[in-house]
**Q** 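Dropping a structure here in structure tokens format, bear with me for questions.
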Amino acid sequence: MTVITKDVAIIGAGPGGYVAAIRASQLGLSVALIEKDARMGGTCLLRGCIPTKALIETAYLYSKARTFKEYGIVISDPVIDWAAAQSRKDKQVTRLAKGVEFLLKKNKVEMIHGRAHFTAPGALEVVAPDGSTQAVSATAVVIATGSEPRIFPPFDVKHPAVITSNEALQLASLPPSMAVIGAGAVGVEFASIFQTLGSRVTLIEVMEQILPFEDADVAATLHTELQKRGMTIHAATRVDSMTPTDAGVVLKMTGPKGPVEDTVSIVLVAVGRRPVTEGLHLEAIGVPVEKGFIRVNEFCETPLPGHFAIGDCISTPQLAHVASAEGKVAVERIAGKDVSPVNYDQIPFATYCHPEVARVGLTEAEARKSGHDIAIGKFMFSALGKAGIIGEREGFVKLIAERKYGEILGASIIGPHATDLIAEPAAFMAAEGTMTEMLRMVHAHPTLQEAILEAAEAWTGHPIHS
Ligand SMILES: Cc1cc2nc3c(=O)[nH]c(=O)nc-3n(C[C@H](O)[C@H](O)[C@H](O)COP(=O)(O)OP(=O)(O)OC[C@H]3O[C@@H](n4cnc5c(N)ncnc54)[C@H](O)[C@@H]3O)c2cc1C
């Protein structure tokens with residue numbers, strides 16, 4: 001058997017692996033990128049970020065179209081064509097997957113189609129879909145095998161009406177009713193999509209608040225907003241059993257006020273994702289795995305020299321932009337560059353429900369717990385001209401900064417374009433700018449960004465518009 005020999009072999013072509021491959025090639029390294037799926041792009045592009053956001057856009061425009069009369073636009077009642085929405089989503093995915101493949105070719109990355117496992121340090125066997133095998137040998141290996149939905153009892157019900165995010169993206173029709181178990185970003189996004197498109201949605205979360213890791217203020221506002229839109233939310237509620245019947249799936253739960261029951265046509269289980277590290281033979285070559293995650297240092301290097309792991313298969317935030325950032329760190333390290341580790345304190349988190357939610361840095365509770373002497377600057381979108389103009393006045397910007405020197409510790413936003421707006425406080429934090437610099441920056445009027453300046457003014461105790 002011929003052996004493909006490269007400077008770097010990368011397993012997995014998600015946003016971790018493919019970005020690492022392109023950067024490695026840019027740095028002059030020869031690269032093999034091994035992917036078991038037929039298309040490049042991984043979870044993010046094929047089953048995650050991109051297809052969900054395409055459907056979220058459909059849901060958003062549908063809800064907007066129903067308010068057109070207020071804007072002086074008269075149309076007949078908008079109707080959802082689910083097949084067309086799915087087809088548009090699929091087109092976005094196909095276009096971007098082709099784009100990734102084009103970029104990999106342009107950067108002379110050798111793409112190998114098949115499932116890889118280690119036979120020795122630096123040595124891989126790749127099994128193609130037709131069963132043929134290919135040996136790959138590399139001086140350095142980057143493991144970027146990602147994650148998949150985590151299913152455990154009582155959610156491990158094998159029935160077509162009990163699905164994960166993978167199937168939720170391919171539903172042939174809109175379900176009349178849906179229970180979403182797990183109110184993290186993935187669960188909340190799907191709940192928001194199907195609720196907006198007309199399904200009766202129940203969102204269930206075992207923790208005290210939906211979006212359990214977000215600022216309590218933000219989570220409470222989102223809770224109210226989703227309820228206003230007709231969603232039933234059970235927080236602090238445990239699902240005890242799920243039983244498929246002819247009438248639908250019967251859910252038995254225990255909430256703060258005792259037993260709760262619901263019968264729905266579809267149950268979407270979104271209780272987390274587990275790393276994909278089985279079958280790679282990692283232990284056999286000396287790469288340690290803890291609770292399924294590959295152990296790495298701050299440069300994404302495993303204890304086995306020359307072997308790196310990035311993205312969802314290590315225990316850092318499971319986000320596409322984190323995977324890409326780690327991929328660049330890993331290959332720059334392999335190329336011998338002077339590289340800084342990813343700063344996990346400054347990762348933007350985004351949930352693309354409506355209203356949108358985004359955060360960078362600490363929540364208010366975390367900042368108080370950390371012992372910082374903080375002051376809060378908060379500004380409601382309801383007082384902002386641009387928010388009124390676009391008809392989205394819900395939510396607020398909350399800035400958390402150290403009182404004396406104005407060091408920005410965190411920012412949470414709920415409201416229109418929160419996921420884009422969060423880039424401003426994130427940029428200030430990355431550049432070590434303080435509230436002084438933020439207050440000096442002139443913000444264009446009328447824009448949504450002004451809400452950030454207004455929150456900064458509120459932080460000083462001298463708000464202008466509130
Ligand atoms: C519904 C949903 C929505 C999401 N939305 C967002 C979002 O809006 N923003 C965001 O930042 N993140 C989002 N995420 C998370 C994001 O998709 C992941 O964090 C990201 O894809 C992780 O990238 P990765 O490269 O580590 O792994 P993945 O994207 O999972 O890619 C891993 C690749 O490795 C391949 N592979 C695995 N094992 C092998 C093997 N043995 N041999 C060859 N190939 C192998 C897999 O086929 C896969 O293509 C979302 C996730 C889901 C499920």
Side-chain angles (χ1 to χ4, degrees), residues 9-21 32-56 89 93 97 100 111-118 124-129 134 136 141-150 163-170 180 182 184-193 268-282 293-294 300 308-328 330 347-353 356-358 419 422:
I10 299 172
I11 313 173
Y18 88 73
V19 168
L33 178 63
I34 306 157
E35 172 54 58
K36 68 177 172 54
D37 279 354
R39 295 190 288 178
M40 302 287 145
T43 304
C44 172
L45 210 164
L46 307 175
R47 300 172 289 278
C49 328
I50 298 300
T52 48
K53 270 80 235 175
L55 290 181
I56 281 167
K89 171 209 75 180
V93 170
V100 169
M111 288 173 264
I112 303 173
H113 184 30
R115 185 184 291 268
H117 62 265
F118 283 93
L124 296 162
E125 184 177 65
V126 182
V127 183
Q134 171 67 61
V136 178
V141 181
V142 180
I143 306 159
T145 45
S147 65
E148 59 189 16
R150 196 159 67 99
I163 62 171
T164 69
S165 58
N166 292 344
E167 295 78 40
L169 287 165
Q170 304 301 338
V180 179
V186 171
V188 166
E189 287 181 8
F190 277 108
S192 182
I193 293 171
L268 167 52
V269 179
V271 292
R273 297 182 58 83
R274 64 181 195 96
V276 173
T277 48
E278 280 163 16
L280 290 166
H281 303 175
L282 292 171
F293 292 102
I294 300 170
C300 302
F308 293 71
I310 59 168
D312 281 12
C313 66
I314 64 173
S315 65
T316 53
Q318 290 184 319
L319 292 167
H321 41 289
V322 172
S324 301
E326 290 169 343
K328 287 183 268 185
I347 303 293
F349 291 84
T351 305
Y352 300 78
C353 46
E356 289 189 349
V357 168
T419 60
I422 201 67

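Whatever order the structure lists ligands and atoms in, that order sets their numbers, starting from 1. These values consider heavy atoms only, across backbone and side chains, with no hydrogens, waters or symmetry-generated copies.
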**Q** For atom 41 (N) of ligand 1, which protein heavy atom lies nearest, and how many Å away is it?
**A** A116 O, 3.1 Å
**Q** Give yes or no for whether the N/O distance cutoff of 3.5 Å, strictly under, is met between T52 and ligand 1.
**A** no
**Q** Looking at D37 and H113, what are the two nearest heavy atoms and their distance?
**A** O-CE1, 3.1 Å
**Q** Please report the C-alpha distance between R39 and V93 in whole Å, then the side-chain angles of each, then the deciding distance to 0.1 Å, and finally whether the side chain to side chain contact (heavy atoms under 4.5 Å, CB included) criterion is met.
**A** CA-CA 10 Å; R39 295 190 288 178; V93 170; 3.9 Å; yes
**Q** Atoms of ligand 1 less than 4.0 Å from L280 heavy atoms?
**A** 41 (N)
**Q** Within the structure, is a non-hydrogen atom of Y18 found at a distance of less than 4.0 Å from ligand 1?
**A** no
**Q** Can you sort out which atoms of ligand 1 are near G16, meaning under 4.0 Å from one of its heavy atoms?
**A** 25 (O)
**Q** Is there a polar contact, in the sense of an N or O pair closer than 3.5 Å, between E189 and ligand 1?
**A** no
**Q** Output yes when the distance from some N or O of ligand 1 to some N or O of S165 is under 3.5 Å, and no in every other case.
**A** no
**Q** Please work out whether any backbone atom (N, CA, C, O) or any side-chain heavy atom from C-beta onward of S147 is under 4.0 Å from ligand 1, and answer side chain, backbone, both or neither.
**A** backbone
**Q** Just need the protein heavy atom nearest to atom 36 (N) of ligand 1, so name the residue and atom and give the distance.
**A** K36 CE, 3.9 Å
**Q** So, regarding V276 and ligand 1 (criterion: nitrogen or oxygen to nitrogen or oxygen, under 3.5 Å), is there a contact or not?
**A** no
**Q** Specify side chain, backbone, both or neither for C49, according to which of its non-hydrogen atoms lie closer than 4.0 Å to ligand 1.
**A** both
**Q** Tell me the protein heavy atom at minimum distance from atom 53 (C) of ligand 1, and give that distance in Å.
**A** R273 NH1, 3.2 Å
**Q** Is the closest heavy atom of H117 to ligand 1 under 4.0 Å?
**A** no
**Q** With a 4.0 Å cut-off on heavy atoms, is G114 touching ligand 1?
**A** yes
**Q** I'd like to check I143 versus L280 (side-chain heavy atoms, cut-off strictly below 4.5 Å). Are they in contact?
**A** yes
**Q** Regarding ligand 1, does A323 bring an N or O atom to under 3.5 Å of one of the ligand's N or O atoms?
**A** no
**Q** Would you indicate whether E278, at its atom CD, is surrounded by more than 12 heavy atoms from other residues, nucleotides or ligands within a distance under 6.0 Å?
**A** no
**Q** Below 3.5 Å, N or O to N or O, backbone or side chain included: is there any such pair between C44 and ligand 1?
**A** yes
**Q** Output the list of atoms in ligand 1 that are nearer than 4.0 Å to some heavy atom of L319, sorted by atom number.
**A** 10 (C), 11 (O), 12 (N), 19 (O)
**Q** Among all protein non-hydrogen atoms, which one is nearest to atom 15 (C) of ligand 1, and what is the separation to 0.1 Å?
**A** Q318 O, 3.7 Å
**Q** Working to the nearest 0.5 angstrom, can you tell me the gap between R47 CZ and N166 CG?
**A** 6.0 Å
**Q** Which protein non-hydrogen atom lies closest to atom 51 (C) of ligand 1, naming both residue and atom, and how far is it?
**A** G48 CA, 4.0 Å
**Q** Just verifying a value: how many Å separate L169 CG and L46 CG, rounded to the nearest 0.5 Å?
**A** 10.5 Å
**Q** For ligand 1 and F190, I'd like to know whether there is a polar contact (N/O to N/O, distance under 3.5 Å).
**A** no
**Q** Heavy-atom contacts with G42 under 4.0 Å: which atoms of ligand 1 show up? List them by number with element.
**A** 29 (O), 31 (O), 48 (C), 49 (O)
**Q** Which heavy-atom pair separates C313 from A144 by the least distance, and what is that distance?
**A** SG-CA, 4.3 Å
**Q** Applying the side chain to side chain contact (heavy atoms under 4.5 Å, CB included) criterion to H117, which one of V127, L124, L282, I11 satisfies it?
**A** V127
**Q** Of all the atoms in ligand 1, which lie at a distance below 4.0 Å from a heavy atom belonging to I34?
**A** 43 (C), 44 (N)
**Q** Starting from atom 39 (C) of ligand 1, which protein heavy atom do you reach first, and at what distance in Å?
**A** T145 CG2, 3.7 Å
**Q** Do any N/O atoms on K53 end up under 3.5 angstrom from N/O atoms on ligand 1?
**A** yes
**Q** Quick one: closest heavy-atom pair of T419 and A350, and the distance?
**A** CG2-CB, 3.5 Å
**Q** For residues I310 and G327, report the shortest heavy-atom separation together with the two atoms involved.
**A** CD1-CA, 3.5 Å
**Q** Is there a side-chain contact between F190 and I163 (heavy atoms, below 4.5 Å)?
**A** no
**Q** Check A97 against L45 and note the closest heavy-atom contact, atom names and distance.
**A** N-CD2, 3.8 Å
**Q** Polar contacts were defined as any N/O atom of the residue lying under 3.5 Å from an N/O atom of the ligand; does this apply to Y352 and ligand 1?
**A** no
**Q** To the nearest 0.1 Å, how far is atom 18 (C) of ligand 1 from its closest protein heavy atom, and which atom is that?
**A** D312 OD2, 3.3 Å
**Q** Which option out of P15, G14, A144 puts a heavy atom nearest to atom 20 (C) of ligand 1?
**A** P15
**Q** State whether the shortest distance between N or O atoms of H321 and N or O atoms of ligand 1 falls below 3.5 angstrom.
**A** yes
**Q** Mind listing the closest non-hydrogen atom pair of P15 and S324 along with its distance?
**A** O-OG, 2.9 Å
**Q** Give the numbers and elements of all ligand 1 atoms closer than 4.0 Å to a heavy atom of G311.
**A** 26 (O)
**Q** So which heavy atom in the protein is nearest atom 49 (O) of ligand 1, and how far is it from that ligand atom?
**A** E35 OE1, 2.7 Å
**Q** Does L169 approach ligand 1 within less than 4.0 angstrom via side chain, backbone, both or neither, non-hydrogen atoms only?
**A** neither
**Q** For a 4.5 angstrom cut-off between non-hydrogen side-chain atoms, does Q318 reach R274?
**A** no
**Q** What verdict does the side chain to side chain contact (heavy atoms under 4.5 Å, CB included) test give for Y18 and M40, after you've listed the backbone C-alpha separation in whole Å, the side-chain angles of each residue and the deciding distance to 0.1 Å?
**A** CA-CA 8 Å; Y18 88 73; M40 302 287 145; 5.7 Å; no
**Q** Can you see whether E167 engages T164 through a side-chain donor-acceptor pair at a distance of less than 3.5 angstrom?
**A** yes
**Q** Could you list the atoms of ligand 1 found under 4.0 angstrom from a heavy atom of I11?
**A** 40 (C), 42 (N), 43 (C)
**Q** Could you go through the side chain to side chain contact (heavy atoms under 4.5 Å, CB included) check for V136 and I112 one step at a time?
**A** CA-CA 10 Å; V136 178; I112 303 173; 3.7 Å; yes
**Q** Return the NZ to SG distance between K53 and C44, rounded to the nearest 0.5 Å.
**A** 8.0 Å
**Q** Tell me whether R115 at atom CZ has more than 12 heavy atoms from other residues, nucleotides or ligands lying less than 6.0 Å away.
**A** no
**Q** Report the part of T43 (side chain from C-beta onward, or backbone N, CA, C, O) that has a heavy atom under 4.0 Å from ligand 1; answer both or neither where that applies.
**A** both
